[in-house]
Amino acid sequence: MCCLRQLFLVSLGVTAWALHESDVGMVDWNTKLIGVPHDSPHTAPVFHGDYVLAATNNNVLAALNATDGSIVWRSIYDAEDPIMAFSHHDNSVSSLSGPGGSTLRTYDLETGHLILEKQLHNPVDGRLHEPQNLGISLLRSTNLSLNSTAYFALTNGDSVTHLDETGDTLWTWNSPDQGSLVLYSHLIADPSTVYLVGLAKSFASYTLHVTTLSATTGELIASVNIPANIKDERSKFVAVSSQTGPTTTTCVNWLEDGALKAAVLTPDLKGQIMALPGVKYDRISDFGLSTNGQFLAIKEGGAAHVMHFDAQAYSLRPIWEFGDAAPSQVQSDSHFVGSLGRDGQPRVARVYWSNAHNKAIHQTLTINLSEGKASASGFAFPFQTFDHGVVRHVAFDGSSTGETHENTRTLLTTTTGSIQLWQHDKMQWVREEALASIQVAEFVELPEKKVVMSHAVMDEEGYFERLQRQLSDAKNLPQYLANFARRFATGSYATVTTSAASSSAEDTLTRDAFGFRQIIVAATPYGKLFGIDSSNGRVLWSRVLGLGWAAKVGGTIFPTKMFVTRTVSDPEGPQIVLVTQRRADNSLVDTVLFHVNALTGDDVREEHQSIPRDLLQGLDAVMGPLVDVFMLPNENRTIVMLDEYLQARLYPDTPSAQAEFESFVPSIHLALRTDVPGQRQILGHQLTLNLELSQFYVAYPTWSLSLPPKEEIRAIIPNTRGPVASIGKVLGNRMTLYKYLNPHLTLVLTSSPPSSTLVPAAGGVCDMQATLTENWLVYHYFDDEFSGTGESKGNRVVSVEFYEGDGPDDKTKSSELSSYSNKTLHISAYEQSFIMPHGITAISPTLTKFGVSMKDIIVANRKNSIQSIPRRLLNPRRPKHKPTSEEQEEMLVQYDAVLPDDARLVLSHNYEVATSAVSLPLHLLLESTSLVFVYGLDLFFTRIAPSGTFDVLSENFNKVQLLLTACWACGLRLWLTKPMVRRKWLRERWY
Ligand SMILES: *[C@@H]1O[C@H](CO)[C@@H](O)[C@H](O)[C@H]1NC(C)=O
Ligand SMILES: *[C@@H]1O[C@H](CO)[C@@H](O)[C@H](O)[C@H]1NC(C)=O
């Protein structure tokens, strides 16, 4: 039997991991995303011709097609290289990134090709301020007389670099009192002079400091303090410049006790301070027209003035008042954004929400400076606040405005993470960029028969069905084999490919023959929950999470965990519960639950659904943060939350749930971030929960079984294990290695390794990716300095397997050990390190329904592909010599330090899939096949068959394989029916 199995696997060969070419695009899909745009001044979205340029929270610089919202190009920056500022100029886009703005890059606007890359200072020398892009500014200027463009970059708040078009440094200037009191934040350049403006801290307030440099040589011309008495952190100052003929005149504006003051800058910095008498302002801001001489000043009552600095007349005055701009009961705060029209004259857009109209209002101000005229007009547009939250940022295409509003284009970024382009009152496109930041996701099976997307109530479950369901747990495997036999006998089953392709019907949500089509429910930190069709990646429904009482003060909802509490086999239909932490802006943290129907997104807790749908309101389950949360493996699937005092709270909190919880208490094992190992009181129920602090496994190259100091624990990753199909491994010499299956075995990632280990403290330890499944640990890190062994530095994957006792045939019944038993340390480990061609950003094991199929590891790498690494390659027992016949029988292949970069192991084909997380693959109705959902920036979905699809007829159906499959399946039945153990992982029978 054992031989048969081997024969079978050999017959499939390695190619079994790769999909058929014809399956690409049929069984998998890929959604490219950019992330939610920043909304800070240097990096917020802007229009540039028919492009929208944006830098995002996923650290991506992207150019979108403004007409259809597609990604024209994107550049993904490393985490250590955050985008600080970008600017656009004719046919190129430039960015400053890294600590203090260390790196300058320029891309071709149309293609996104990198034209220039230049390090301005060592990232280690970067100083970060608050906000982090303060003191960083990039200017691309055209020198008309020389007919050339050049860069001026302000970095670290104290250095200026002037570069020519090719990136050659023309000069650099460093502030003589580097890191001192002056922090420059603004850089303005005209053909002869560079102006640097910053704040200097004095006793109780800030003063302005201005320095002028020669644009040609970088020599200091003058440096003065302007005795401005700026108290208010919020408004600070605004620098505007205005062009008169070939000369540019710059004016710095600030508020002093509500009075607007201004200083016109000249190269020698000798000048007067002007004051605008009579009007008291609350704050001033740059709204996109600073190079045209305009900025915004908000009066104390809320009215907004558009200010204009006229260089010719040396005057500063308000040219327009938005009198009704104060937020009130009937309207929200307004967003103001300026942009130049096609005629070169300023346009100002004001966008706000009107409660009276239940719509968003867009007002456009058209200014004609030469004629001294201005006029405003507006329209309402149907922004869907229940689907998209609140507008967070507005970008405006001034060149789209005309006599009518017909073509007026506005780009909104919303609090739920969507980007929307509105042309007049029509939404042209929307991108749900929150999906680039999915925190938790679950697969939910679809019902078998046609189910209308409504609240169909099924009949009371009959006695027979109930019995059937209760028995089904125990009967799953034989039933699966029966299904297999039936399919086999009739030969009428669709192939894997067609079954997925045919699932395009949109009005009904039904399962395909093999259950490949599922709903992926995904929660994002932008307060939005999505239901996604796994067959094509389309969003089926979405809900915006309500803030509850925190709506009054504002707050953020962070998804923690999601549980599938009801499945298709339950009469209520599939349901999920999302557990979140709500952090209100007044710093209170609460635990809030959301309970929805997975097919429709309907609130399960609410009897009647309002139409149109309102915000999804949660249940404030725990006043305070959570320590841990899990679901009881009972029929009610009760959710147990442990609060910071280790009190257990149940959802739903019913007497029967409590009774069930009590019955489960003795068998619950949790790894907690607490100091004292041992028994803890569960206060709420006066129960003693068996909260043994398990023997923590610490993922170091030299692994240990001791608990690291609490402050070093970075993450506790539970052992991801499904059913255990076998508890031992029979070796070629007929001895058995017994798997170490201690239920307490947990993976703990620490922030720094102990000094005794080989990983250097400054290396890639923070980057460590790890997974623990059953008795198998795999981790990845970047090895900076692999001393001692003579091996070079690089990306390393380490595979460790744990077995009971001292070696083969030694057993300690580890699955039943209490963590207090000394025997838990009676363990042997096999460990081997491999070199990976590329760095890994996420790692996950494959799981299958019964744990029979071979487990693989799925990794997302820095080359933006998703790869499957067969367990055989990662076997730590691979011999360093030519395998002996006994080893060959065990299918051990000779050790090779380098894991192959084999195209056949790539699951994502030619797609570029940039990600940071791989969901735990879901097992299906088929034992052989797993669904893989990858998220983190892009979304990618595919399915894999680690041991080949032995239970589906392949397209190239062949008789030998058929015979082998049949024999194997029969063998499988005999071999497996007994040890299929439920609940308690293993019974002693096998020892
Ligand atoms: C944007 O998309 C439109 C329509 O899909 C296309 O006609 C246009 O050429 C695209 N523009 C760019 C800059 O790619
Ligand atoms: C500037 O250079 C471009 C090409 O580099 C040329 O087409 C253009 O005529 C030049 N303009 C002037 C004013 O010299």
Side-chain angles (χ1 to χ4, degrees), residues 25 29-38 43-56 58 60-77 83 86-95 105-116 138 140 142 149 165 288 337 339-344 347 349 362 381 388 393-402 404-414 417-433 435-436 504 506 536-539 864 910-914 937-939:
W29 50 262
N30 178 30
T31 305
K32 264 197 189 185
L33 296 165
I34 61 167
V36 179
H38 291 169
T43 46
V46 286
F47 281 94
H48 183 64
D50 195 33
Y51 295 86
V52 168
L53 304 171
T56 73
N58 291 65
V60 173
L61 180 67
L64 301 178
N65 181 328
T67 305
D68 61 9
S70 60
I71 300 174
V72 183
W73 56 265
R74 61 177 187 174
S75 175
I76 303 165
Y77 288 59
I83 302 169
F86 73 82
S87 74
H88 50 100
H89 192 86
D90 294 341
N91 287 320
S92 66
V93 183
S94 306
S95 74
R105 288 189 188 84
T106 298
Y107 301 87
D108 182 274
L109 175 70
E110 284 170 25
T111 62
H113 292 158
L114 188 65
I115 302 170
L116 174 67
L138 180 63
R140 187 100 189 260
T142 305
T149 66
E165 224 164 339
V337 52
S339 172
L340 291 181
R342 256 191 306 259
D343 53 1
R347 302 277 183 277
H362 180 124
F381 62 97
H388 300 294
H393 182 266
V394 179
F396 169 55
D397 180 9
S399 67
S400 67
T401 56
T404 64
H405 290 295
E406 214 175 305
N407 296 318
T408 301
R409 295 200 295 186
T410 317
L411 184 90
L412 308 181
T413 307
T414 73
S418 75
I419 314 175
Q420 314 182 343
L421 188 121
W422 289 79
Q423 183 167 335
H424 188 213
D425 58 355
K426 303 267 182 321
M427 188 163 76
Q428 301 295 311
W429 50 262
V430 57
R431 299 182 60 91
E432 294 285 6
E433 290 295 342
L435 290 171
S504 58
E506 278 173 61
N536 53 28
R538 243 174 267 151
V539 173
N864 294 336
N910 301 326
Y911 297 140
E912 180 193 55
V913 184
L937 172 61
D938 293 342
L939 307 183

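All ligand and atom numbering here is 1-based and tracks the order in the structure. A quick note: this is a predicted structure, and the numbers were derived from the prediction, not measured. Count residues from 1 along the sequence.
- Counting the atoms of ligand 1 from 1 in the order shown, those under 4.0 Å from a heavy atom of Tyr51 are 13 (C).
- The protein heavy atom nearest to atom 10 (C) of ligand 1 is Asn65 ND2, 2.4 Å.
- Using a 3.5 Å distance cut-off with no hydrogens or angles, the side chains of Ser70 and Asp68 do pair a donor with an acceptor.
- For atom 4 (C) of ligand 1, the closest non-hydrogen atom on the protein side is Asp68 OD2, 3.8 Å.
- No donor-acceptor distance shorter than 3.5 angstrom exists from the side chain of Glu433 to the backbone of Val36, with no hydrogens or angles considered.
- With ligand atoms numbered from 1 in the order given, ligand 1 contributes 11 (N) to contacts under 4.0 Å with heavy atoms of Asp50.
- Between the side chains of His388 and Thr414, no donor-acceptor pair is found at a separation under 3.5 Å.
- The main-chain N or O of His38 is never found under 3.5 Å from a side-chain atom of Thr43 such that the two would form a donor-acceptor pair.
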